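Worksheet: the structure to be examined is printed underneath.
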Amino acid sequence: MDKLLTAYLLYHKHCPLPGLGSMHLQQQPARVIAADGIISAPKNDISFSPKEIPSNELLEFIAHKKNISTQEASGMLGDYCRRLQDMDAYNEMELSPTGKFYVDAEGNLQFKTASPDNAFLPDVPAVRVIHPQQSHSMLVGDTQTDTAAMTAFYTDDEEVSKSRWWIWPVLIFITAALIFIFYISAGLHNPLYGNAQAIEKTSAEKTYRSIP
């Protein structure tokens, strides 16, 4: 009965248990755990609910698989559910290989999902692969762009900045040339001493008197 109920549950995502309630299967997708740098494998979570659902399809499924009538299938399923109902607190009953039923301290029937074998569903490293030659979408402020456009933007700025380095040397050269031309044209240059400014001669007053 375990294999039949498990097969029905995995295919239909639910399984009725007449007189008790029903089981429901929820698939949890793979999750990225950034703090640990891993991607956890997808898992199945099976829960038990006291809410009953119709069991006609399950009985037909059991009858077809066992090659028996639906009345006989109903008897087999009823016996299985009575065994679950007769469990005492803290007792367990396996539904291999999906998990096990148990009764909690309040006397309520519960189901615990079996942990998957890590050999079949291992966690894998979460490593971001970046291809420098390919463009990747990115958000800059409120604008959606890509890495190719941003690379071109900063490359243009860098090229413009580099292409203007010659302006300052040219300005310095022109300034020095103007000063030199003014110095030469003003007649203040002497090949020997570097200064040709004329010195005005003045006659000194006589500081003596001649005696006849």
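Bear in mind that the values here come from a model prediction, so they are computed numbers and not experimental data. We're numbering straight along the sequence, starting at 1.
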Please list, chain by chain and in numerical order, all residues satisfying side-chain hydrogen bond (donor to acceptor under 3.5 Å, both in side chains) with E60, sequence neighbours excluded. none

Ring pair (Phe, Tyr, Trp, His ring centres under 6.0 Å) contacts touching residues 35-61 (sequence neighbours left out): Y8-F61

Which residues pass the side-chain hydrogen bond (donor to acceptor under 3.5 Å, both in side chains) test with D104, not counting sequence neighbours? Q110

Could you state whether M76 and F101 fall into the same hydrophobic cluster, counting links through intermediate Ile, Leu, Val, Met, Phe, Trp or Tyr residues with side-chain heavy atoms under 4.5 angstrom apart? yes

Student check: side-chain heavy atoms of L95 and T6 closer than 4.5 Å: yes

dist T98:OG1 -> D45:CG (nearest 0.5 Å) comes out at 11.5 Å

Short side-chain to backbone donor-acceptor contact, S74 and T70, under 3.5 Å: no

Can you get from L109 to F111 by hopping between Ile, Leu, Val, Met, Phe, Trp and Tyr side chains that sit under 4.5 Å apart? yes

Mind checking whether L4 and K66 have side chains closer than 4.5 Å, heavy atoms only? yes

Going by the rule side-chain hydrogen bond (donor to acceptor under 3.5 Å, both in side chains), which residues pair with S55 if we only count those two or more places apart in sequence or in a different chain? none

For A114 against P97, the heavy-atom pair lying closest together: CB-O, 3.7 Å

Expected list for residues 9-26: side-chain donor-acceptor pairs under 3.5 angstrom, two or more places apart:
residue	atom	partner	partner atom	Å
K13	NZ	L10	O	3.2
H14	ND1	H12	O	3.0
S22	OG	H24	NE2	2.9
S22	OG	K51	O	2.7

Worked verdict on M93 versus Y80 for side chain to side chain contact (heavy atoms under 4.5 Å, CB included): CA-CA 10 Å; M93 181 173 169; Y80 185 86; 3.4 Å; yes

If you look only at pairs with a residue in residues 75-96, which of them pass as a salt bridge (charged side-chain N to carboxylate O under 4.0 Å, His left out), with sequence neighbours excluded? D79-R82, E92-K100

Worked verdict on L77 versus L59 for side chain to side chain contact (heavy atoms under 4.5 Å, CB included): CA-CA 8 Å; L77 182 59; L59 294 177; 3.8 Å; yes

